[in-house]
Amino acid sequence: MVDQPVRIDLGSEIFSADVLQPSVGNRGFDVRKLRPETGYVSFDPGFANTAIARSAVTYIDGAAGQLLYRGYAIEDIASNCSFLEVSFLLLYGSLPNAGELLLWENDVSRHTMLNEEMRSFFDAFPRRAHPMAVLASATYAISTFYDVYRRPTREQEIDAGARTLIAKMPTVAAWAYKKSIGEPYVYPNNEFSYVENFLHMMFSRPTEITPIDPAIVKALNVLLILHADHEMNCSTATVRSVGSSRASMFASVAAGMGALWGPLHGGANQAVIEQLQAIHDDPDATIESTIARAKDRNDEFRLMGFGHRVYTNYDPRAKVLASFAQDVLDRMSIEDPLLDIARDLEAAALADDYFAERKLFPNVDFYSGIIFRALGFPQRMFTVLFSIGRLPGWIAHWVEMNNDPETRIMRPRQIYTGETERAYVPIEDR
Ligand code: SDX
């Protein structure tokens with residue numbers, strides 16, 4: 001169905017814009033000729049209504065609470081796939097067959113080790129360093145050992161760069177954690193699967209190998225899959241923006257980590273636990289007082305883990321995690337009072353007009369922290385776990401952007417509200 005062009009009546013002239021058809025979801029109208037033809041620019045802070053590219057990686061229907069990775073429903077792949085399988089899907093566009101998956105798993109597992117010179121890199125950080133700062137810095141540092149992966153136009157370099165980042169990020173994350181607790185680094189062991197290896201490096205010691213519970217491996221696979229991509233979110237748009245200057249995959253991903261770290265984005269999973277803990281520990285902080293603060297426009301306090309730019313319905317990932325949380329706690333025989341507080345907070349918010357009118361529901365970050373905690377991860381590692389999950393999505397978008405003939409360097413315009421030209425005043429006359 002090809003729509004008639006959209007006509008914008010500017011008074012003295014009509015601007016006509018072609019309509020761009022999606023395979024599903026929002027149609028767009030093409031404003032690339034708007035400024036050259038009319039002198040007008042469109043105004044859309046945060047790109048809330050602006051498509052920055054055509055993409056085939058992930059589709060979200062915010063009103064229906066639907067999330068598809070390359071057309072597959074998140075619920076289906078979260079229950080049936082491994083994280084490396086989904087990484088292959090996002091990177092290459094289709095689910096791997098058994099042979100392709102085995103090759104991919106072997107390729108990744110043989111590149112989990114860091115160059116030994118990277119050990120001193122970790123020593124340079126103070127123990128109290130936030131692991132997100134270490135992760136983003138290490139991504140740049142790793143690129144110095146692999147600067148051959150600079151040119152985004154060479155297929156084998158893209159594959160090698162993607163494999164290198166996906167293989168090494170868990171090792172970087174685990175070593176950042178070990179450094180923060182003053183324990184020796186644990187090297188990857190190729191006997192383990194991807195997620196087993198990460199748990200091994202996180203929780204084993206040179207003196208003993210910590211037994212790995214298959215239920216924890218399954219839970220972490222699901223969590224990483226749920227975080228693997230989410231179309232043009234803040235950090236992915238950052239990866240695309242940095243990559244649009246022809247910056248390397250490593251530099252673009254490191255920039256994405258910086259964006260994800262913010263508490264309005266991936267940093268929310270840590271902020272949710274801090275908020276739940278405050279209600280638990282502070283007798284003055286109750287469900288009611290927390291909801292009241294979140295509604296108070298004079299208070300910058302937000303109900304962390306709630307609300308979303310795209311979902312005006314329940315985030316399907318939060319739905320999976322809400323049911324998953326109790327299973328994991330039961331399996332670990334953990335009683336976590338924060339889960340009950342989270343459930344009460346959700347019920348109170350969903351029953352409140354303020355949240356209903358604004359269509360604010362739990363997002364992926366509302367329950368993920370409770371599960372990460374139950375799996376033994378410290379709070380400061382939560383956004384690092386989000387980063388490991390989001391890595392294949394960031395890379396898939398970086399590759400798609402570099403292969404897109406419509407890509408131009410990201411350089412938005414502005415509506416200038418500052419001083420118009422004025423005469424210079426020498427300092428003696430000021
Ligand atoms: C992620 O984009 C993605 O896809 C991100 C992500 C991904 O997978 O990549 O899904 C991951 O980042 C999830 C979001 C994690 N962040 C949080 O949980 C932080 C808390 N949420 C909010 O700060 C907020 O909801 C955002 C940042 C998520 C969305 O912000 P928007 O779209 O800019 O919405 P807004 O700030 O304009 O809010 C609209 C209204 C405002 O009220 P009014 O001005 O209309 O009176 O809703 C209110 C806001 O005050 N509001 C909230 C709220 N979220 C929005 N009020 C209280 N608590 C909240 N959490």
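Read the numbers this way: they start at 1 and go in the same order the structure lists the ligands and their atoms. Nothing here was measured: the structure is a model prediction, and the numbers come from that model.
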How close does the nearest protein non-hydrogen atom get to [atom], and which residue and atom is it?
| atom | result |
| --- | --- |
| atom 4 (O) of ligand 1 | His230 ND1, 2.6 Å |
| atom 19 (C) of ligand 1 | Met304 CE, 3.7 Å |
| atom 44 (O) of ligand 1 | Arg297 NH2, 3.3 Å |
| atom 11 (C) of ligand 1 | His265 ND1, 3.8 Å |
| atom 13 (C) of ligand 1 | Asp365 OD2, 3.5 Å |

Is the contact between [X] and ligand 1 made by the side chain, the backbone, both, or neither, using heavy atoms and a 4.0 Å cut-off?
| X | answer |
| --- | --- |
| Leu303 | both |
| Asn363 | side chain |
| Leu360 | side chain |
| Arg358 | side chain |

Going by distance alone, is a donor N or O of one side chain under 3.5 Å from an acceptor N or O of the other, for [X] and [Y]?
| X | Y | result |
| --- | --- | --- |
| Asn80 | Glu85 | no |
| Arg240 | His397 | yes |
| Asp365 | His265 | no |
| Asn269 | Ser368 | no |
| Tyr92 | Glu100 | no |
| Thr286 | Ser289 | yes |
| Thr236 | Glu231 | no |

Taking only heavy atoms of [X] into account, list the atoms of ligand 1 that are under 4.0 Å away from them.
| X | answer |
| --- | --- |
| Ala268 | 15 (C), 16 (N), 17 (C), 18 (O) |
| Gly307 | 25 (O), 28 (C) |
| Arg390 | 7 (C), 8 (O), 9 (O) |
| Gly305 | 17 (C), 18 (O) |
| Ala294 | 56 (N), 57 (C) |
| Asn233 | 2 (O), 3 (C), 4 (O), 5 (C), 9 (O) |

[X] atom [atom1], over 12 foreign heavy atoms within 6.0 Å:
| X | atom1 | result |
| --- | --- | --- |
| Phe29 | CZ | no |
| Lys359 | NZ | no |
| Phe301 | CZ | yes |
| Glu300 | CD | no |

From [atom], is the closest protein heavy-atom distance below 4.0 Å?
| atom | result |
| --- | --- |
| atom 37 (O) of ligand 1 | no |
| atom 28 (C) of ligand 1 | yes |
| atom 34 (O) of ligand 1 | no |

Are [X] and ligand 1 in contact, using a heavy-atom cut-off of under 4.0 Å?
| X | result |
| --- | --- |
| Lys295 | no |
| Leu264 | yes |
| Tyr354 | yes |

Taking both backbone and side-chain atoms of Asp315, is any N or O found less than 3.5 Å from an N or O belonging to ligand 1? no
Please check whether Phe306 reaches ligand 1 - meaning an N/O of the residue sits under 3.5 Å from an N/O of the ligand, judged on distance alone. yes
Would you say Asn402's side chain and Trp398's backbone share a donor-acceptor pair under 3.5 angstrom? yes
Would a distance-only check, ignoring hydrogens and angles, find a side-chain to backbone donor-acceptor pair under 3.5 Å from Gln275 to Val272? no
Examine Arg358 relative to Tyr354 and say whether NZ or CZ is less than 6.0 Å from the centre of the six-membered ring and inside a 45° cone about the ring axis. yes
Show the numbers, then the answer: is there a side chain to side chain donor-acceptor pair (under 3.5 Å) between Ser42 and Asp44? CA-CA 7 Å; Ser42 61; Asp44 188 21; over 6 Å; no
Ignoring hydrogens, just give me the one of His227, Arg293, Arg302 whose non-hydrogen atom is nearest atom 53 (C) of ligand 1. Arg302
Could you name the option among Glu357, Arg309, Met232, His308 that has the heavy atom nearest to atom 3 (C) of ligand 1? His308
